[in-house]
Every structure is written in C-alpha cells, then in structure tokens.
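Remarks on the structure that follows.
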2 protein chains.
Amino acid sequence: MQSRTPASRTGRPRSAAADAAILAATRQALVELGWSRLTLGDVAVRAGVAKTTLYRRWAGKNELVVDAVAELFDELSLPDRGSLAADIEGVVLQFAAILARPEARSGLMAVVAEATRDDALRERIRASIVDRQKRLVLAGRARAQERGELPAQPDADAAARTVDLIFDMVAGAVVHRTLVSAEPADEEWVHGLTRVLLSGLAAAPGPG
Amino acid sequence: MQSRTPASRTGRPRSAAADAAILAATRQALVELGWSRLTLGDVAVRAGVAKTTLYRRWAGKNELVVDAVAELFDELSLPDRGSLAADIEGVVLQFAAILARPEARSGLMAVVAEATRDDALRERIRASIVDRQKRLVLAGRARAQERGELPAQPDADAAARTVDLIFDMVAGAVVHRTLVSAEPADEEWVHGLTRVLLSGLAAAPGPG
DNA sequence: GGAGTTACGCTACGGCTCGTAGCGAAAGCA
DNA sequence: TGCTTTCGCTACGAGCCGTAGCGTAACTCC
C-alpha cells in the first residue's frame, strides 16, 4: 500500500493490525465528518494509534484516503448472467451500490479533485482504483464476444481505445448520476443506460 | 449570485466590480494553488478587498468556488452543425475545452465532493451549473427531432428521463475521461463517444 | 444639505489543525 | 545480549479560520 518493505529485514515490523485499523477509521471518519473536516489527528484517535504513526506511513491526507477508498472497490465482480446486457446491468448496480456509501462518495471525489494538481496522486489513483477495475470491462467484452453479441476487434489499438471509452462512459455516467445529479442509479436508470450503450439513441425510443 | 438584493433600496450598494474581481481572483488562485491550498485570505488580497468583505457575501469557500466556476460554463453554446452527430461532437468538444482549464478541473470536482455532505451546496451546484446547461441537451434533441434523426417521445416523463440520462452519460464521460483517466477528450475520442451514443456498441465495431 | 442606512477597509483575537522534533520504551533479528 | 526499527507520547511554531469592533465611504430619502 503506502510503502513497500522489501529490503528491511531487521528491526521491529510494522503492525498490520494498525494498518487495517487506520484505514477503517479513515472510512468511518469520512462517513461522519466528510473530507474537509476529516483530520489526521482525529483518525489517529479513532484507530487507537499515535498521530506520528500516521505520518510515518502516509505522506498526507490524500494518500491515506486513496488507500482507504480503494479497498471498497475490490468487492466488484462480474458473474455470468447470460447476456451482455444483463452482465452490464449487474456490475453497474454493484458500482452504484458502492457509490451510494458516504465514505466512497466524499472520499473518491475529493482525491480526484486533489489529483488535478498532483501527478503522483493521480497515478496512485489510477493504479489503486481505475486500472484495477478495468478488468471488468475486459472480462465482459471477452464474454460477449464468445457469445457472439459483440464483433471481434482484431486491431489491438482500437480495441484498447474502445475499452477505455466504455469504462469512461459507464463509470462517468454512474458517478455523475449519483454525485452531481444526486439521483439514485436504480434498476430503471441502469436499464436505460444499458439500452443506450448497446443500441444507441436512435434505435431505442420507447420507455422502460 | 450569492445573495439577492431585491428589497434593499437604501444604503451603500454592493460593488459589482468587487464581485467580478473576487470571482476572477478565485479562479486565478485555483490555477496557482488548487483547491486545498486556496485560502479566503489569499483571495481577498488578490482581489484587492478586505477579507471581511468576502465573508459578508459568501458563506464560505464552497459557495465562493461554485460561483467562480459556474461562470466558466456559461460560454457553452450549440450552433447548428447540420446533423445530430455533428452537434453533439461540437458541444462536447466545447465542454472538454472548459474542463481542460485548471480552474475548472480542481474547482468543480472539489465542490462536488463537498456537496456529498451538504444538501444546500448540492442544490446550489445544480441550479448554478447543471440545470443551466441541460438546455443544450433539450435544444439538441428538439433540433434532431425536427430533422427526423430522433423519434418523437410523446410521453413527457420518459422524455425527461432520457434527457437526464443523456446528460449524465455525456457530462460524466467527459469528466471521467479528463479528470480520472487523465487523458485528453480530443476529436478522436469525442467521435467515438458520439458513435456509441447514437448507434450503440454492437453496431459500431470498426475504428474511428 | 442633513439624517438614516448599508457596505467597506482595517485590526485584532481565540481556536483549531498542521507537520515535525525529541524522547524513552517495545518488538523483532543476529 | 546488542542492533535496528517502530511505536506512543508530549510539545512546539506556524498558518488559517471566522468573527468582532470601529471608523469611514457611498447612496437614498426627506
């Protein structure tokens, strides 16, 4: 997570329990206080560790929250629901459920905002969260191609661009719906999103 | 903006020049310092006003930045480019150009993050930014229906839901592409986005 | 022109958080 | 038993917050 310890063999080892306690305390503080009122001193008290221990492991508030939020997204999975449409709806609903949790909402957007002025932080977010979940798009596409629902894309570059595009469209739409429009990404909405994604606007005029 | 002055007739009026100077100074501070290091005292010095004047007009940092960023999006327009696809690509490129500016990047995401725990702030964002730009989707849809590119939607509820969905998909995709994936929303990408939006995934296998 | 009202600039203040330094004790390895 | 690293604790200067108080400036109504 925050600092690899590959070489150090001697000396007192860092407490793994402290790591878990700190990250859990960070999420709890995000729920109760939000991003702006969250202080590292408060997190230290909640976790039962000294404030200096926090600063020894993380460079600051940004990096700590990235790690605390990243764990939330690891529970995403893509079970085979029989069709591409059903697969998409299933994983989008999972994603929406995570974004409905307050610790994900305030934490994720805040670190993304900070990352606009911090290249290292942006790379950390990309590695810890974004790229790790892009596997879902890849898996869904491969499965759909096996079913014959999607044509094969022999051009590797074009295929990669499509994967990136779909990821931005799906994740961006859910985030925007949940955080900016402040409306729930419920089954009906996800169904409409999937329809547009697969068939486009012109082909899907009817409701529901 | 921050406080309507409909009834007050007597007394010294608030300086409109100060308003403009403060909002411009806020954007400049966002560029140079980003959200977290931006302080109201610093903005006051840049704008050439007293710090107390800032607190008399805005409740805090959040509200100030919302107003400062909202002005950036008023330059969006939807010129008739002959087809729905061209209209979409044009306005999305405009939107992308705004999001490429650092004062929009860091400011917008930060206030959205804060809004997750502040209903009044979220409503302010919705009124000042989101709903104000939804006019673009409405205008584009009406124009496309006149051209016969999109079918009419007699059901008003379903039509409104579609407009909200498209807005979330387009704005969300551009924001995610620009801020999270940290890749440019250039012409090629916008072209791909438009293609998926209009025709869907299954119908558009080939490259750009 | 005077009275009343509101906005403004300036100074000062207590309170909070930050990030670091320094110390002694604890927990592992040779 | 030494050596090394982590940990908890305390203390500190620095910076920003948001407000109060005061005198002055600008504008309206009489």
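Remember, it's a predicted structure, so these values are computed and weren't measured experimentally. Lettering of chains follows the sequences in order, A, B, ..., and the numbering in each one begins at 1.
- Taking atom CD1 on A/Ile22 and atom C1' on D/dC7, their separation rounds to 11 Å, with Å as the unit.
- Other residues, nucleotides and ligands contribute more than 12 heavy atoms inside 6.0 Å of the CZ atom of A/Arg147.
- The environment of CD in A/Glu183 is crowded: more than 12 heavy-atom neighbours from other residues, nucleotides or ligands sit within 6.0 Å.
- For B/Arg57, taking side-chain heavy atoms from C-beta onward, the closest of the listed nucleotides C/dA7, D/dC7, C/dG9 is C/dA7.
- Of the candidates D/dG8, C/dG9, C/dG28, the closest approach to any side-chain atom of B/Ala50 belongs to C/dG9.
- In this structure, A/Val49 and B/Pro13 both approach DNA chain D, and ranking their closest nucleotides by distance from the 5' end singles out A/Val49.
- Between B/Arg161 and A/Glu188, at least one side-chain nitrogen of the basic residue sits less than 4.0 Å from a carboxylate oxygen of the acidic one, meeting the salt-bridge criterion.
- Note on A/Arg177 versus B/Asp164: no salt bridge recorded, every NZ/NE/NH1/NH2 to OD/OE distance being 4.0 Å or above.
- One finds a salt bridge joining B/Arg132 and B/Asp74 here, because a Lys/Arg side-chain nitrogen approaches an Asp/Glu carboxylate oxygen to under 4.0 Å.
- Interface residues of residues 109-123 of chain B facing DNA chain C, ordered by number: none; criterion, heavy-atom separation under 4.0 Å.
- Listed for the B/Arg143 side chain is no donor-acceptor partner under 3.5 Å among the backbone atoms of B/Asp87.
- The existence of a salt bridge linking B/Glu75 and B/Arg101 is confirmed by a sub-4.0 Å separation between a basic side-chain nitrogen and an acidic carboxylate oxygen.
- We find that CG of B/Leu54 is positioned 15 Å from P of C/dA7, with the value rounded to whole Å.
- One interatomic measurement links the two molecules: CZ of B/Arg12 to C1' of D/dA25, which rounds to 5 Å at whole-angstrom precision.
- Side-chain atoms of A/Arg14 lie closest to D/dC7 of the nucleotides C/dT6, D/dG8, D/dC7.
- B/Asp42 has no carboxylate O lying under 4.0 Å from a charged side-chain N of B/Arg37, or vice versa, which leaves the two without a salt bridge.
- Residue A/Thr10 has no polar side-chain atom (N or O) positioned under 4.0 Å from OP1 or OP2 of D/dC3.
- Nucleotide D/dG18 holds its P atom 12 Å from the CG atom of B/Leu64, rounded to whole Å.
- Using cut-offs of 30° and 60° on the angle between ring planes, the pair B/Phe95 and B/Phe73 is tilted.
- Side-chain to base pairing of B/Arg56 with C/dG9: one donor and one acceptor N or O lie within less than 3.5 Å of each other.
- In this model, a side-chain donor or acceptor of B/Thr52 finds a partner on the base of C/dC10 within 3.5 Å.
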Do any N or O atoms of the protein come closer than 3.5 Å to N or O atoms of nucleotides 15-19 of chain C, and which pairs are they?
| residue | atom | partner | partner atom | Å |
| --- | --- | --- | --- | --- |
| C/dC18 | OP1 | A/Leu40 | N | 3.4 |
| C/dG19 | OP2 | A/Tyr55 | OH | 2.8 |
| C/dG19 | N7 | A/Lys51 | NZ | 3.2 |
| C/dG19 | O6 | A/Lys51 | NZ | 3.1 |

